[in-house]
Number of protein chains: 2
Amino acid sequence: MEKKPPRGTRKREVPLTEAGIYAAALRLIDADGVEALTMRKLATSLDANPMSLYHHVPNKDAVLRGVARMVGTQFRTVTLEDAPWQERIRLLATDFRTLAHRHPKLMAYSFSHQADFIQPEDPFWVSLAAILDAAGVPHSELPQIAALVCAVITGVLTAELNGALNQWSSLKPPTVGEDVLAPPDSDENGVFRLALDTIITGLESRLATDG
Amino acid sequence: MEKKPPRGTRKREVPLTEAGIYAAALRLIDADGVEALTMRKLATSLDANPMSLYHHVPNKDAVLRGVARMVGTQFRTVTLEDAPWQERIRLLATDFRTLAHRHPKLMAYSFSHQADFIQPEDPFWVSLAAILDAAGVPHSELPQIAALVCAVITGVLTAELNGALNQWSSLKPPTVGEDVLAPPDSDENGVFRLALDTIITGLESRLATDG
DNA sequence: ACCTGAACACCGTTCAAGT
DNA sequence: ACCTGAACACCGTTCAAGT
């Protein structure tokens, strides 16, 4: 048996690195939320002195941006060149949703606080542009249409992640009196798919009248 | 000329009240953002001791919720019973957008942090439910459809308020090389209206196939 | 009833000093 | 080059004491 060094002086097995700091921050965020992340707690979780972090990262905001970028990089989707664009956009959206569900606290934060979370070189944006192009969206309209799709997807996901979607869809229609109460946990999958189908149908009809 | 009392002991003309605290908080939020709001600064702006606030308000979170509720109460929209539901939903959305533009920092915060920001008795929700009912949405689907409309509107507004919409819609399509850069400030009005039109069209076609 | 000063347990970050 | 302790300028909130 080795003797454990006294608490607080235990040596790190791994040297402090930028990537290691982001990974530890992500663990804390997944567990307790972005607002509970503290440079001091982050350092403690790495067995480091709080001030040591500042040799690898300029400040807390950079940590949050770094974590968001790291997670964004993990996004993967398969490209189905031959499938209809409706199917492809559905797949893209659900793949993105899967990532959002893996790190809900971080993603909810990123959607609302980091306007540059989705970048032009990101696979999400590249795929989206390719799909809309394949669907026949004119180049002149493509940025606006892509922006609208992004906004709708992140908007519905935000509402889902923070519970608003669930609350709204359990409200009974206020005009009638004899309805039963909605089930305690209404189907969020359903509302997400509904939103997706609705904008896809809307885009379909826009493309039909254009061409 | 009256002699001003020395700095820091100037007497309040108005006694401290819950509503007065919310109003002062809103002024600070409009000016500097939610994250800059501090119980201590809030007290200073009211010429009060920081601790005096706690006799009218339980804590900072209650202040934020109170401010959000106060602003939410200000929402007004006219009811055009006779207009087609497409027109009515457009008007409801733009009225809501007007309110969001009046207090962008607070609304962006509320959308992402307060799942219960839109409540069942709020005029926004009541109007939305009435319009969808008039449009012929079956009662059984109404909560889900209303939730989807809420999520899309708040989602697009969030993206607009935090600048993401503008950034996304200025990205040039990544596949082509010879495009000119998008104009520095692309038309957000346009993207908002585009999103609105797209979900309205999507809903239209869903209602058509239902009936 | 309403207000207040002191205090507690935290923050992020700077800086001079150590190895 | 990397780490660290002390310190600074803040936070939200509790509590005992004042009027």
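Just so it is clear, the values below take in all heavy atoms, side chains as well, and ignore hydrogens, waters and symmetry mates. Protein chains get the first letters and strands the later ones, always in sequence-line order, with residue 1 at the start of each.
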>> Generate the contact string for nucleotides 6-19 of chain C. Rules: B means base contact, S means sugar-phosphate contact only, - means no protein heavy atom under 4.0 Å.
In response: BB---BBBB-----
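Between the side chain of A/T38 and the backbone N or O of A/K41, no donor-acceptor pair lies under 3.5 Å. Between the side chain of B/N162 and the main chain of A/A115, no donor-acceptor pair closer than 3.5 Å is present. Side chain of B/T154 to main chain of B/A151: a donor-acceptor pair is present (N/O by atom type, distance under 3.5 Å, no hydrogens or angles).
For the pair B/L53/B/L46, a side-chain contact is recorded, criterion being any heavy-atom separation below 4.5 Å from C-beta on. The closest side-chain heavy-atom distance from B/I153 to B/F124 is below 4.5 Å. The shortest side-chain heavy-atom distance between A/D122 and A/F75 does not fall under the 4.5 Å cut-off. Side-chain contact between A/T201 and B/R206 is absent, with no heavy atoms from C-beta onward closer than 4.5 Å.
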>> If a pair means Watson-Crick or G-U wobble with both distances below 3.5 Å, what does DNA chain C look like in dot-bracket form, with | marking bases paired to a different strand?
In response: ||.|||||...|||||.||
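Look at CG on A/L16: it is 13 Å from C1' on D/dT4, rounded to the nearest Å. Rounded to an integer number of Å, the gap from A/L46 CG to D/dC2 P is 16 Å. At whole-Å resolution of the value, CG in B/L53 and P in C/dC3 are 9 Å apart.
Here A/S52 reaches the OP1 or OP2 of D/dT4: one of its side-chain N or O atoms lies under 4.0 Å away. Note on A/H56: a side-chain N or O is less than 4.0 Å away from OP1 or OP2 of D/dC3.
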With a 3.5 Å cut-off and sequence neighbours excluded, list the donor-acceptor pairs that the side chains of residues 98-105 of chain A form with protein atoms.
| residue | atom | partner | partner atom | Å |
| --- | --- | --- | --- | --- |
| A/T98 | OG1 | A/T94 | O | 2.9 |
| A/H101 | NE2 | A/E160 | OE2 | 2.9 |
| A/H103 | ND1 | A/D30 | OD1 | 3.0 |
| A/H103 | ND1 | A/D30 | OD2 | 2.8 |
| A/K105 | NZ | A/D30 | O | 3.1 |

